[in-house]
Novice: 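Have a look at the structure that comes next, please.
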2 protein chains.
Amino acid sequence: MARTSSGLHERLLASALRLFVSRGFRGTSLADIAADVGCSKASLLYHFSNKEAILTELLMPVGNEVFDLDARLAELDGEEAAVTAIQSFVGITLRFRREIKLLFDNLADVSCLPDLGVEAIDGIRDRLIDAVAGRSTDPRDRIAASIALGGIFATGAADLPYDDRTLREALLTGALRTLGLGPDRAGLDSELGKN
Amino acid sequence: MARTSSGLHERLLASALRLFVSRGFRGTSLADIAADVGCSKASLLYHFSNKEAILTELLMPVGNEVFDLDARLAELDGEEAAVTAIQSFVGITLRFRREIKLLFDNLADVSCLPDLGVEAIDGIRDRLIDAVAGRSTDPRDRIAASIALGGIFATGAADLPYDDRTLREALLTGALRTLGLGPDRAGLDSELGKN
DNA sequence: ACGGTAACTGTCCGAACGGTCAGATCTGAC
DNA sequence: GTCAGATCTGACCGTTCGGACAGTTACCGT
């Protein structure tokens, strides 16, 4: 039935994600993935043109979200750009935790990808830093922006034993504090009805 | 002369570091390293028992420093532990920038190492977070600690075009601000005669 | 001079792995 | 039923790579 065949593609993606995250991209062979879902390696290569294509397809959703964010940020400036960037980046990081871990743990391999190559990643990173720094050129602001973004990235990749709500709030306030943008605690507390 | 033979070991390490950083650990073959220094692959394997041993020896200095830091922190508590941890971690990160980048880009491979395996890394990370969080168990404090440490780590790995002095100062103030330990700006500014 | 040890190398090997291909099977439309 | 196209597979291939090994050279103490 069509269900089985079209479902195989998704099941292959799910297995690949799981295995890539636990054993790494290079540490996972096509045979591993095929065995995990119970199909042949040839069948796997019928659904994906090659191994890199699997990784690309796994990371595409995150890539698109970050790409969209990048476009939206282009029109913003100052504190508005910084806060929007941080909020959105935290959201993306939490929504794609496993993909973020995959990316975080396999940066060297992802950097060699044709679509999501190192130049794309570096470009996005630089523009994100630019936004988070509020378009400031002061090294201190840009380094603070790098800490905030890198910190969110790394924290998202490390699966800490906290629920999404806690993580979102703490990542947000932490990152904004890094930037010196003390989120008027009164406003946040009342919004979240906490403390 | 003995100089040549004992120097080969160091030259191999230097080449391996350079190649690992630029092409990744898995993306660099033993033949690549040997060719880079101009010796045979067999000679390379005379100096290092296997490929992993090269990576281990490259990362050992950083590992030892972090290990020492971990031991020193065990006796500290509260804000003192946090500030000491951040200061030392910034120092280590800057002193071993290339090794940090190597580690950052090849986490999946390093995690499989026998000596510096995933359990060692995770253990160190957890204890560092504990110290940076000032031994607090509040999720917000621990997540903030994770942001600070991850941010320093990621920023050190990304070779931003700033000199060590600028980076050290900005990393320090940024990370401490993340923790809510606003280094009384007046004191710092006057100390550095800035602004 | 000589013997031993450290440094070094050419050659070979086995295993792993990504990828190809010709064909088998299945499915749905007519 | 039959045909076309999609799906799936076993078998096979070429390459790459880490590593083993036997043998050679250089060095050094005696």
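So that the names make sense, note that chain A is the first sequence line, chain B the second, and so on, each numbered from 1.
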Novice: Take A:Y46 and A:A42, find for each the nucleotide of DNA chain D with the closest heavy atom, and name the residue whose nucleotide sits nearer the 5' end.
Specialist: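 So the residue in question is A:Y46.
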Novice: Quick one, B:L12 and B:I33 - any side-chain contact, counting heavy atoms below 4.5 Å?
Specialist: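 They are in contact (side-chain heavy atoms under 4.5 Å apart), so the answer is yes.
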Novice: Between B:H47 and C:dC8, is there a contact of a side-chain N or O with OP1 or OP2 at under 4.0 Å?
Specialist: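 Yes, because at least one side-chain N or O of B:H47 sits under 4.0 Å from OP1 or OP2 of C:dC8.
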Novice: Can you classify the ring geometry of A:H9 versus A:F48 as parallel (below 30°), tilted (30 to 60°) or perpendicular (above 60°)?
Specialist: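 Ring orientation of A:H9 relative to A:F48: parallel.
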Novice: Donor-acceptor pairs are to be reported for all side-chain atoms of residues 91-99 of chain B against protein atoms at under 3.5 Å, with residues two or more places apart or in another chain.
Specialist:
from: B:T93; atom 1: OG1; to: B:F89; atom 2: O; distance (Å): 2.7
from: B:R95; atom 1: NH1; to: B:E65; atom 2: OE1; distance (Å): 3.1
from: B:R95; atom 1: NH1; to: B:E65; atom 2: OE2; distance (Å): 2.9
from: B:R97; atom 1: NH2; to: B:D164; atom 2: OD1; distance (Å): 2.7

Novice: For a quick test of your reading: what N or O donor-acceptor pairs under 3.5 Å do the side chains of residues 121-132 of chain A make, sequence neighbours left out?
Specialist:
from: A:R127; atom 1: NE; to: A:D70; atom 2: OD1; distance (Å): 3.2
from: A:R127; atom 1: NE; to: A:D70; atom 2: OD2; distance (Å): 2.7
from: A:R127; atom 1: NH2; to: A:D70; atom 2: OD2; distance (Å): 3.0
from: A:D130; atom 1: OD1; to: A:R142; atom 2: NH1; distance (Å): 3.0
from: A:D130; atom 1: OD1; to: A:R142; atom 2: NH2; distance (Å): 3.4
from: A:D130; atom 1: OD2; to: A:R135; atom 2: NH1; distance (Å): 2.9

Novice: Between A:F25 and A:K51, is there a cation-pi geometry (under 6.0 Å to ring centre, at most 45° from the normal)?
Specialist: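 Yes; both conditions hold, so A:K51 lies above the ring face of A:F25.
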Novice: Looking at A:S43, does any N or O in its side chain come under 4.0 Å of the phosphate oxygens OP1/OP2 on D:dT9?
Specialist: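 Checking D:dT9 against A:S43, a side-chain N or O does come within under 4.0 Å of OP1 or OP2.
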Novice: In whole Å, what is the span from the NE2 atom of B:H9 to the C1' atom of C:dA6?
Specialist: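 Checked: the NE2 to C1' distance equals 15 Å.
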Novice: Does a side-chain N-to-carboxylate-O contact under 4.0 Å join A:R165 and A:D163?
Specialist: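 A:D163 and A:R165: not salt-bridged.
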Novice: Indicate yes or no: at least one non-hydrogen side-chain atom of A:I54 is less than 4.5 angstrom from one of A:L17.
Specialist: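 No, side chains not in contact.
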Novice: Would you please name every residue forming a side chain to side chain contact (heavy atoms under 4.5 Å, CB included) with B:T56, sequence neighbours left out?
Specialist: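 Side chain to side chain contact (heavy atoms under 4.5 Å, CB included) list for B:T56, sorted by chain: B:M60, B:L113, B:D115.
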Novice: Over how many whole Å does the gap from B:L45 atom CG to C:dC13 atom P extend?
Specialist: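 My rounded result for the distance is 18 Å.
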Novice: How far does the helix from C:dA1-D:dT30 to C:dC30-D:dG1 bend, going by the axes of its first and last five pairs, to the nearest 10°?
Specialist: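 The end axes of the helix from C:dA1-D:dT30 to C:dC30-D:dG1 are about 10° apart, to the nearest 10°.
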Novice: Rounding to a whole Å, what distance do you find between A:E52:CD and C:dC17:C1'?
Specialist: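 It is 14 Å, rounded to the nearest whole Å.
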Novice: Starting the side chain at C-beta, find the nucleotide from C:dG10, C:dC8, D:dG19 nearest to B:N50.
Specialist: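 For B:N50, the side-chain atoms sit closest to D:dG19.
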Novice: Under 3.5 Å, side-chain donor or acceptor atoms of residues 78-87 of chain A against the rest of the protein: list the pairs with distances, not counting sequence neighbours.
Specialist:
from: A:T84; atom 1: OG1; to: A:E80; atom 2: O; distance (Å): 2.8

Novice: Report the distance from atom NZ of A:K51 to atom P of D:dT15, rounded to the nearest whole Å.
Specialist: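 It is 20 Å, rounded to the nearest whole Å.
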Novice: Quick check on contacts: within residues 16-41 of chain A, what sits under 4.0 Å from DNA chain D by heavy-atom distance?
Specialist: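 Within this stretch, A:C39, A:S40 sit under 4.0 Å of the strand.
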